[in-house]
Enquirer: 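If you scroll down you'll find the structure; I have some questions about it.
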2 protein chains.
Amino acid sequence: MTVTLADVAARARVSPATVSRVLNGNYPVAAATRARVLKAVDELDYVLNGPASALAAATSDLVGILVDDIADPFFGIMASAIQSEIGGPGGRAGGERLAVVCNTGGSPERELTYLTLLQRQRAAAVVLTGGAVDDAEHRAAVAAKLRRLSEAGTRVVLCGRPPVPDTGAVTLAFDNRGGGRELTGHLIALGHRRLGYLAGPEERTTARHRLEGHRAALAAHGIEDDPCRTVHGRYDRQSGYEATLELLRRDPALTAVVAANDSVALGVCAALRDSGHHIPGDVSVAGFDDLPCSIDTVPALTTVRLPLARAGARAGRIAAGREEPPPGGIATLRGELMVRGSSGAPRG
Amino acid sequence: MTVTLADVAARARVSPATVSRVLNGNYPVAAATRARVLKAVDELDYVLNGPASALAAATSDLVGILVDDIADPFFGIMASAIQSEIGGPGGRAGGERLAVVCNTGGSPERELTYLTLLQRQRAAAVVLTGGAVDDAEHRAAVAAKLRRLSEAGTRVVLCGRPPVPDTGAVTLAFDNRGGGRELTGHLIALGHRRLGYLAGPEERTTARHRLEGHRAALAAHGIEDDPCRTVHGRYDRQSGYEATLELLRRDPALTAVVAANDSVALGVCAALRDSGHHIPGDVSVAGFDDLPCSIDTVPALTTVRLPLARAGARAGRIAAGREEPPPGGIATLRGELMVRGSSGAPRG
DNA sequence: CTGTTAGCGCTTTCAT
DNA sequence: ATGAAAGCGCTAACAG
């Protein structure tokens, strides 16, 4: 009842092999024959059977994109860029690739599960985005999976994620350390000496690297890094809100708060507003990522712009095999400091 | 070289069929045998071949989620909710489903392409989110595709999208008309009589329905609907910014601007600020959707909260076959008016 | 509860 | 340029 390639062949009065060749366009076929086949395809409303095709050819057109949180524009922007570079023509059979995004929810287990699922589908490529969970066991498990995927012919690209050595994975990393250093450096230059820092989840590499940059900037200027001025939390607004109140409790004389990312910074702003502090008159605020939202806060947020779309597009092209990997398989992309109204000189 | 089910069978000293039964867990197998098989799977590091499995079983565990714009939290939030309800155990083979999101970029052609690709993969279910393009030709093409998918056994769910009759598709629609009516009604109740309206893309059903609601509210209160106070545009911030300037040029005495969604409303706020208008003192602003960002504008945005996460979760469960479709296959979910600081009584 | 036997629908040598 | 035939790796009756 469901129409198969054989049906098309019968109607076009050719062999199944010829239909396959027309559909894949990877073999010379007489123009007249091709036309006849295409007509039959159209008339029968034939749709290629993906699994059968993938089984016989031992490859598929599936490309997986793993993200931590699809509801977060940070990942959405990257995923969108990746997908738009992959989803075009260029695949096998029918010329279209199925680029799909998988939401891990930040869970290491789900990350591994999705990798297995994609391995099971014999995916053509896999792109992993965002910071990794920096735990020895999980790192080893991911490395093993990536190695296995590479060996099976799946292209692996890490986008905005630190390299995983010896896996054949191409890496486009963000310079989170450098960005963090520059951001805190900017605040120090304005005259700030009592800076609160809201770090992201302790186990995430992005959070860790940004914090390292912050500390490097403090050290470079001989400012003591009082541990009670750093609070770890989640990468979300609410976490920023709560942590800010905690920070103010610990040191009411704070003149600046640096957040692990923009979502957290929005929470910081809200908490400061709600507790009667003026931004930047009383307290300066800075974020990281430069999400679209960040320009609409009042005052607009000082932050570090990450080239999310550019990185994603490049990762997509590499995954699609349309661009050469960077030399050594690793490239580091720098962020750009965006100075806006939320940062200013401290009072007094 | 790549290990197959037969290898596992050999090592576990059972037949391939038994291995398959263990892996799918849909058939009684002696505990001892199962353990032996699982051990072999582990030792050989075996990964099921998805295409082969899908071919033989004539079904797959792939579930597709179509979104207009993955970088927009409106879709991200729904997609996340859908995926978290589907991605769990409950699929075939190994107990995991591959729930993936496909980014159409709002293009009708890409929407159809993705539907074909999913049909090709013999997807277990497809969820379409967001407003449809309301063009007769495209509507017919989508309807035909959905019918074909349904007939092939793919579950089809429309989430936040108007029904498509006679396709077997289950619909969870948002009451955009009602929300629009309530929002404009609120502004009218505050005393506004000169309201600008920034409608979304003219061809989108969401934009259309929200506008209809707006007009219904005007009509209900006997307010003339001056066509020059309505401007169509894209669903983004920049569009809102530009259209607001245009609106003010046409009628500088406007006391309120209603936007098609929150992103547009952010642009409205920016344009008003930049042209020296106070919100809500000079001009009130209202959005639609209640995205997370909307609470962080100053003043916070009056808007209509849509149950994105709830709708997504329900759509996901229906797609996964874990919840019954609503009676008649259609449910309409209402929005909730969120009155915040951006709306107030008009001056004078 | 387990093994045997046919395919699922397509791709791809190898001939012609 | 086209056809014939042999699987790809798995599942699903059907026996036992």
Side-chain angles (χ1 to χ4, degrees), chain A residues 1-38 40-41 44 46-62 91-94 119-122 124 152-153, chain B residues 1-38 40-41 44-62 91-95 119-122 124 152-153:
Chain A
M1 29 136 279
T2 140
V3 14
T4 73
L5 184 142
D7 300 330
V8 176
R11 188 176 238 279
R13 316 173 105 279
V14 296
S15 73
T18 300
V19 177
S20 171
R21 295 199 260 253
V22 169
L23 260 25
N24 288 302
N26 52 6
Y27 214 82
V29 173
T33 317
R34 138 171 295 116
R36 210 140 34 84
V37 169
L38 259 19
V41 165
L44 293 176
Y46 170 68
V47 176
L48 187 71
N49 183 318
S53 164
L55 172 58
T59 66
S60 92
D61 283 347
L62 228 208
R92 288 171 50 260
Q119 183 183 2
R120 189 178 282 181
Q121 300 298 327
R122 305 301 188 250
Chain B
M1 29 134 277
T2 141
V3 13
T4 72
L5 185 140
D7 300 330
V8 176
R11 188 176 237 278
R13 317 173 104 277
V14 296
S15 73
T18 299
V19 177
S20 171
R21 296 199 261 252
V22 170
L23 261 25
N24 288 302
N26 52 5
Y27 215 83
V29 174
T33 317
R34 137 171 296 118
R36 209 140 34 85
V37 169
L38 259 18
V41 165
L44 294 176
D45 206 13
Y46 170 69
V47 176
L48 187 71
N49 184 319
S53 161
L55 172 59
T59 65
S60 90
D61 282 348
L62 228 208
R92 288 171 47 261
Q119 183 183 3
R120 189 179 283 183
Q121 300 297 328
R122 306 301 187 251

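From a predicted model like this one, the values you see are computed outputs, not experimental measurements. Here is the naming used below: chain letters follow the sequence lines, and residue numbers restart at 1 for every chain.
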Enquirer: Please give, in whole Å, the distance from D/dA1 P to A/R36 CZ?
Expert: 15 Å

Enquirer: Measuring from atom CG of A/N49 to atom CG of B/L55, what distance do you get when rounded to the nearest 0.5 angstrom?
Expert: 6.0 Å

Enquirer: How far does CG of A/D7 sit from OG1 of A/T2, to the nearest 0.5 angstrom?
Expert: 8.0 Å

Enquirer: So B/L23 and B/V8, do their side chains get closer than 4.5 Å, heavy atoms only?
Expert: no

Enquirer: In whole angstrom, give the distance that lies between atom CG of B/L23 and atom C1' of D/dA12.
Expert: 15 Å

Enquirer: Would you be so kind as to tabulate the donor-acceptor pairs closer than 3.5 Å made by side chains of residues 12-22 of chain A, with sequence neighbours excluded?
Expert:
{"from": "A/S15", "atom 1": "OG", "to": "A/A17", "atom 2": "N", "distance (Å)": "3.4"}
{"from": "A/S15", "atom 1": "OG", "to": "A/T18", "atom 2": "N", "distance (Å)": "3.4"}
{"from": "A/S15", "atom 1": "OG", "to": "A/T18", "atom 2": "OG1", "distance (Å)": "3.3"}
{"from": "A/S20", "atom 1": "OG", "to": "A/N24", "atom 2": "ND2", "distance (Å)": "3.4"}

Enquirer: To the nearest Å, how far apart are A/N49 CG and D/dG9 P?
Expert: 17 Å

Enquirer: Who passes side chain to side chain donor-acceptor pair (under 3.5 Å) against B/R36, sequence neighbours left out?
Expert: none

Enquirer: Given C/dC1, D/dG7, D/dG9, identify the nucleotide with an atom nearest to the side chain of B/L55.
Expert: D/dG9

Enquirer: Rounded to whole angstrom units, what separation is found between the CG atom of A/L48 and the P atom of C/dG9?
Expert: 12 Å

Enquirer: May I have the distance from B/D7 (atom CG) to D/dC8 (atom C1'), rounded to whole angstrom?
Expert: 14 Å

Enquirer: Would you say B/T33 reaches C/dC1's phosphate, i.e. side-chain N/O to OP1/OP2 under 4.0 Å?
Expert: no

Enquirer: Does a nitrogen or oxygen in the side chain of A/T4 sit under 4.0 Å from OP1 or OP2 of C/dG9?
Expert: no

Enquirer: To check you understand the geometry: which heavy-atom pair defines the closest contact between A/R120 and B/P51, and what is its length?
Expert: O-CD, 3.4 Å

Enquirer: With nearest nucleotide decided by heavy atoms, which residue, B/A52 or B/Y27, maps closer to the 5′ end of DNA chain C?
Expert: B/Y27

Enquirer: Please give me every residue in residues 13-21 of chain B whose heavy atoms get under 4.0 Å of an atom in DNA chain D, ordered by residue number.
Expert: B/A17, B/S20, B/R21

Enquirer: Has B/N24 got a side-chain N or O lying under 4.0 Å from the OP1 or OP2 atom of D/dT11?
Expert: yes

